[in-house]
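Here, residue 1 is the first one in the sequence, and each next residue gets the next number.
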Amino acid sequence: QVQLVESGGGLVQAGGSLRLSCVASGRPLSSNAMGWFRRAPGKEREFVATVSKSGDSANYADSVKGRFTISRDNAKNTAYLQMDSLKPEDTAVYYCAAKTVIATNWISASLIEYDYWGHGTQVTVSS
């Protein structure tokens with residue numbers, strides 16, 4: 001089992017930045033590929049970014065490409081989502097997710113692939 005706790009959300013003006021953190025416990029983060037997803041009001045949960053357990057492979061939703069950066073520090077059991085140039089449409093609850101994998105460069109944009117989820121952190125971007 002892996003327990004995930006997100007933090008770093010808040011209220012920010014358009015054009016601003018936030019860094020979300022996701023701390024894992026119960027099993028080393030280094031065994032897991034990580035993903036970030038979000039759910040905006042009235043919408044389905046959607047993919048934001050994913051990173052392999054090695055950190056060498058990553059993928060982003062087109063809507064955040066060039067503005068968001070996913071990273072991880074396995075020594076700290078923490079994954080991050082750096083969000084720059086935020087827009088009002090980025091307002092959502094952000095969730096981190098983990099999947100225990102063998103393949104070093106496994107990544108996925110599909111939420112059904114992930115086994116463990118945090119409870120989410122709210123990000124609100126004002127115009």
4.5 Å side-chain heavy-atom contact, Thr50 and Tyr60: no

OG1 on Thr121 to CZ on Arg38, rounded to 0.5 Å: 14.0 Å

Asp90 CG to Thr124 OG1 distance, which is reported to the nearest 0.5 Å: 11.0 Å

ILVMFWY cluster, Tyr114 and Val2 together (side-chain gap under 4.5 Å): no

Cluster link Val23 to Val48, ILVMFWY, side chain under 4.5 Å: no

Distance, nearest 0.5 Å, that separates OG of Ser21 from CD of Glu6: 10.0 Å

Min side-chain heavy-atom separation Thr91-Gln122 under 4.5 Å: yes

CA sep, side-chain torsions, deciding dist, call: Gln13, Val125, side chain to side chain contact (heavy atoms under 4.5 Å, CB included): CA-CA 5 Å; Gln13 287 187 329; Val125 184; over 6 Å; no

Pair Gln1-Tyr116, side chain to side chain contact (heavy atoms under 4.5 Å, CB included): steps then yes or no: CA-CA 8 Å; Gln1 291 288 335; Tyr116 308 105; 3.6 Å; yes

Side chains of Asn105 and Ser54 in contact at under 4.5 Å (non-hydrogen atoms): yes

Pairwise side-chain contact, Trp36 with Cys22, heavy-atom cut-off 4.5 Å (strictly under): yes

Side-chain (Gln82) to main-chain (Ile70) donor-acceptor, under 3.5 angstrom: no

Minimum side-chain heavy-atom gap Phe47-Leu111 below 4.5 Å: no

Contact check, side chains of Thr100 and Arg27, non-hydrogen atoms, under 4.5 Å: yes

Shortest non-hydrogen separation from Ser17 to Ser85 and the atoms involved: OG-N, 4.4 Å

Check: Val101 main-chain N/O paired with Lys53 side-chain donor or acceptor under 3.5 Å: yes

Any donor-acceptor N/O pair, Thr78 side chain to Lys76 backbone, under 3.5 Å: yes

Chi angles and distances behind the side chain to side chain contact (heavy atoms under 4.5 Å, CB included) call for Trp106, Glu113: CA-CA 11 Å; Trp106 187 95; Glu113 298 275 10; 3.8 Å; yes

Val123 side chain reached by Leu18 side chain, heavy atoms, under 4.5 Å: yes

Note: Lys65-Asp62 ion pair, threshold 4.0 Å (strictly below): yes

Spatial distance of atom CZ (Arg72) from atom CG (Asn77) [nearest 0.5 Å]: 9.0 Å

Ring-face cation of Arg39 near Tyr95 (centre distance under 6.0 Å, axis angle within 45°): no

Where Ala14 and Ser127 come nearest, the two heavy atoms and their spacing: CB-CA, 4.4 Å

Minimum heavy-atom distance between Ser52 and Asp56, given as atom pair plus value: OG-N, 3.3 Å

Side chain proximity check, Tyr80 to Leu20, heavy atoms < 4.5 angstrom: no

Arg67 and Asp84 ion-paired at < 4.0 Å: no

Phe37 and Trp117 aromatic centres sub-6.0 Å: yes

Between CD1 on residue Ile107 and NZ on residue Lys99, distance to nearest 0.5 Å: 14.0 Å

Atom pair CG/CG of Asn32 and Leu4 - distance to nearest 0.5 Å: 8.0 Å

